[in-house]
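Note sheet for the following structure.
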Amino acid sequence: MQKSAIFIAALFAVSASAVVWAAPVRHAGEWETTIDKGQPLVTCFPVDETLDENTLMRPLAKIPGASCKMNGIKTVGEVTSISLECVIGGSTMTSNATITVTGPDAFIGRMQSKGGAIKMPNGQTMPIPDSDTVTVSRRLGPCK
């Protein structure tokens, strides 16, 4: 009897920690995203995606001349914290971000980036300004 009680307690602890540490999921459908209180952008995502390292790094791999690596990703409760570094045109840019689940199918993201430069076609280098960006995303429903 005592062994089964210990097993059930251990199983409950593992299950509870799995929920606490789970990365957020962007469910399939039409999503509206507003960047820094600008005009909303509507995008259709055809499948559910876990917002994990692979999903978050995919768009960064498409930046011409950039090499990015994730230094850390951690989810605690409703907040996922991300730290990454990109070398763009020989210059290093660091970014720290958080994705906070604010409700069913709703997120707020905040990213601070520093450093980096882009080489221009004329050979000059243009520094990338430091930024602090806030995005608000919510699912509108199925894709149209």
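These figures come from a predicted structure and were not determined experimentally.
- Heavy-atom minimum distance, Asn71 versus Glu85: ND2-CB, 3.7 Å.
- A distance-only check finds no donor-acceptor pair linking the side chain of Asp105 to the backbone of Arg26 [under 3.5 Å].
- Around the CE atom of Met111, the shell of radius 6.0 Å holds no more than 12 heavy atoms that belong to other residues, nucleotides or ligands.
- Pro24 and Thr75 make their closest contact through CD-OG1, 4.3 Å (heavy atoms, listed as atom of the first residue, atom of the second, distance).
- In this structure, the separation between CG on Asp132 and CD on Gln112 is 4.5 Å, given to the nearest 0.5 Å.
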Sequence neighbours excluded and cut-off under 3.5 Å, please list the side-chain donor-acceptor pairs for residues 88-99, or say none.
from	atom 1	to	atom 2	distance (Å)
Ser91	OG	Ala117	N	3.3
Ser95	OG	Ser113	OG	2.6
Asn96	OD1	Ser83	OG	3.4

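- Taken together through direct or relayed side-chain contacts under 4.5 Å among Ile, Leu, Val, Met, Phe, Trp and Tyr, Phe45 and Met57 form part of one hydrophobic cluster.
- Phe107 approaches Val101 most closely through the heavy-atom pair CE2-CG2, 3.7 Å.
- Distance check: Asp36 CG to Thr135 OG1 gives 8.5 Å after rounding to the nearest 0.5 Å.
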Hey, can you pull the donor-acceptor pairs under 3.5 Å for the side chains in residues 136-144, sequence neighbours left out?
from	atom 1	to	atom 2	distance (Å)
Ser137	OG	Thr33	OG1	3.0
Arg138	NE	Glu32	OE1	3.1
Arg138	NH2	Glu32	OE1	3.3
Arg139	NE	Ala28	O	2.6
Arg139	NH2	Ala28	O	2.8

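- Qualifying side-chain hydrogen bond (donor to acceptor under 3.5 Å, both in side chains) partners for Thr55, counting only residues two or more places apart in sequence or in other chains: Asp52.
- Distance check, rounded to the nearest 0.5 Å: SG of Cys68 to NZ of Lys62 gives 13.5 Å.
- Shown here for Leu84 and Met70, the closest heavy-atom pair between the two residues is CB-CA, 4.1 Å.
- How far OG1 of Thr80 is from CG of Leu51: 7.5 Å, rounded to the nearest 0.5 Å.
- Transitive grouping of hydrophobic side chains (ILVMFWY, heavy atoms separated by less than 4.5 Å) keeps Val79 and Val25 in distinct clusters.
- The two residues Glu30 and Val42 make their nearest non-hydrogen contact at CG-CG1, 3.2 Å.
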